[in-house]
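Structure first, then comments.
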Amino acid sequence: MSFFSTRGQHCVTASQAILRGIAPDGGLFVPAMFPQVSKEKLVEMAGMDYCQRAVSILKLYLEDYDIPEITGAVHAAYDGDKFDSKEIAPVHQLDENTYVLELFHGPTLAFKDMALQLLPHLVTLAAKKNHEHREIAILTATSGDTGKAALEGFRDVPGTSCTVFYPVDGVSNVQKLQMTTTGGDNTHVIAVKGNFDDAQTGVKKLFASRDFAEAMDKEGKVLSSANSINFGRLVPQIVYYFSAYADLIRQGAVSVGEPVNFAVPTGNFGDILAAYYARNMGLPIGKLICASNRNNVLTDFFHTGIYSTHRTFVKTTSPSMDILVSSNLERLLFEAADRDGDLVKVWMNQLSDCGSYSVGEQRLEWMQSLFASGCADDRETAEEIRSRFLHDHYLMDTHTAVASQVLGQYRKATGDDTLTVLVSTASPYKFAEAVLAAVEGQEKAASMDAFACGEELSKMIGIPVPRQVQALKTLPVRHTAVCEKDGMAKAVLDAFEK
Ligand SMILES: *Cc1c(COP(=O)(O)O)cnc(C)c1O
């Protein structure tokens, strides 16, 4: 399988796409075609464990990796006690026609682990295959969860380093502590005085800068990305949509071939894009419900066909979705443009020059046939957490609750009662203050710190506070660097000096 850039003809292998992260023309790598998975294969997958399912999907895309390599990487990522559920990504019934796909059982308690536990193995194999002897320097901007997941994934992996930028006031207390206490000799964490989009834009600029590449080369390093623009992050995410469907078959909840909907809390559009790729591969999916918080640029886009960042960035209780420029949307645009990279380039230039672009009526209709969309504000999100807890005895985090709320809106508006899988992207313990405030009121939560809130939640649901959160109480803070928006290049080079 070869990979193209969304902005032109550039053609590379899977391992090259993973190693580079982003195409030289600034576009994202996309597979030349979508390999097909038959109904028989879906039935077969129902009888497999998560690792076997992962190998069957990954091998379809990673053609220049051999099967033992893929199998080894998958086991290194998901075996052992890194995930606190044997099923890795378990599916629970929530109500009559809603199931939850829990993607937060990994080491950092958010769905990013699903990909970032595997990515380091794919990257180091890719380096070997392409005779890359320089250190692979991972550079990533995070709205909270990617950062920690990347640091955990790459920590002490030989031949790599991992540098993470986060918006100084844009992440939760637990998220910040998770990052700043990270161990390992090859990890760097830097706060940026700005919001997530500033951090992400800054990182994109570093990737595009020849001077910076030269400076890195002098240090014996070459840049790569752990952001969801890297195809190596996307492909492990495709796996859990197939896995969820296989579990529904196994549980007798669907008959093979019966379509299901997925409701996905969305920020950078990586998670839901993987669902769309799964659909293109033959997974029976009806609608993909794209849920946003008050940063509802995608909701407006799917309603009007106009993507516009002329709006105020809002800080919400679901910080991992506080994003105005959803990078992975570019891969959907590529399909909407019938794979015309020149057209995508025009839209992306309009976005960076004027802050908006429009895809036109016909392409909008095509997207609306696949995607529904909606948004929930903090109050609606809190009410959803409370009501799911009271009615379904299920405690969800703020991000998951945004999608759950939007799913309710969608069902009311359309009457579509198709079985729906709600994608749960984080553990409630990761956003304990907001979750406790939702259930027991602002006042109570405001009087406690994140750890005490976690203890309260634990009493409510009878599940102990995860050990990863407990440990944050005593781990020393190791990373304290702060930089200005335009000082990111220097901050990286300074970090390497230490
Ligand atoms: C990253 C993240 C999201 C958004 O996922 P995208 O792939 O960026 O759309 C949602 N919820 C949580 C908890 C996350 O960490």
Side-chain angles (χ1 to χ4, degrees), residues 28 100-116 119 140-153 164 166-167 170-172 174-176 178-179 196-197 199-200 225-231 233-238 240-241 262-278 288-293 295-299 301-302 316-332 371 373 375-376 381 385 396-406 422-432 434-435:
L28 311 191
V100 192
L101 169 60
E102 292 185 347
L103 300 178
F104 55 75
H105 290 281
T108 76
L109 306 173
F111 94 97
K112 307 291 197 294
D113 289 324
M114 301 301 300
L116 281 163
L119 183 69
T140 281
T142 185
S143 56
D145 293 327
T146 296
K148 179 58 177 178
L151 291 163
E152 274 310 304
V164 167
Y166 69 93
V171 300
S172 84
V174 170
Q175 286 176 319
K176 187 170 193 162
Q178 278 187 315
M179 289 189 276
F196 170 68
D197 285 308
Q200 177 159 265
S225 165
N227 272 107
S228 57
I229 50 174
N230 191 320
F231 187 77
R233 270 208 41 199
L234 205 49
V235 66
Q237 294 177 182
I238 299 171
Y240 52 72
Y241 288 100
F262 283 93
V264 188
T266 298
N268 225 352
F269 208 74
D271 198 359
I272 197 166
L273 183 87
Y276 165 70
Y277 274 23
L288 292 170
I289 299 160
C290 174
S292 303
N293 63 25
N295 297 294
N296 56 356
V297 58
L298 286 167
T299 314
F301 175 66
F302 283 116
T316 72
T317 53
S318 43
S320 305
M321 296 156 67
D322 289 347
I323 292 175
L324 294 185
V325 182
S326 297
S327 307
N328 261 298
L329 190 64
E330 185 166 339
R331 288 189 166 108
L332 180 67
F371 292 87
S373 65
C375 55
T381 303
I385 292 175
M396 52 181 63
D397 94 291
T398 45
H399 304 74
T400 311
V402 167
S404 181
Q405 210 279 347
V406 169
L422 172 63
V423 177
S424 178
T425 48
S427 156
Y429 289 106
K430 197 157 187 180
F431 302 94
V435 172

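Each ligand, and each atom within it, is numbered from 1 in the order the structure gives. These numbers come from a predicted model, not from an experiment.
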Problem set entry | Partners passing ring pair (Phe, Tyr, Trp, His ring centres under 6.0 Å) against F431 (at least two apart in sequence or in another chain) | H399
Exercise. Taking only residues two or more places apart in sequence, or in another chain, which ones meet D145 in a salt bridge (charged side-chain N to carboxylate O under 4.0 Å, His left out)?
Worked result: K430
Seminar exercise, completed: Interatomic distance, CD1@I272 vs OH@Y241, rounded to 0.5 Å, equals 6.5 Å
Identify all pairs of nitrogen or oxygen atoms, one from ligand 1 and one from the protein, separated by less than 3.5 Å, and list them with distances.
unit_1   : atom_1 : unit_2 : atom_2 : d
ligand 1 : 7 (O)  : G270   : N      : 3.1
ligand 1 : 7 (O)  : D271   : N      : 2.8
ligand 1 : 8 (O)  : N268   : N      : 2.7
ligand 1 : 9 (O)  : G267   : N      : 2.8
ligand 1 : 9 (O)  : N268   : N      : 3.2
ligand 1 : 9 (O)  : F269   : N      : 3.0
ligand 1 : 11 (N) : T425   : OG1    : 2.8
ligand 1 : 15 (O) : K112   : NZ     : 2.6
ligand 1 : 15 (O) : D145   : OD2    : 2.5

Exercise. What distance do R233 atom CZ and L273 atom CG have between them, rounded to the nearest 0.5 Å?
Worked result: 12.0 Å
Exercise. With distance as the sole test, does T140 use its side chain to make a donor-acceptor pair with the main-chain N or O of A226 at under 3.5 Å?
Worked result: yes
Exercise. Quick one: salt bridge (charged side-chain N to carboxylate O under 4.0 Å, His left out) partners of E152, sequence neighbours excluded?
Worked result: K148, R155
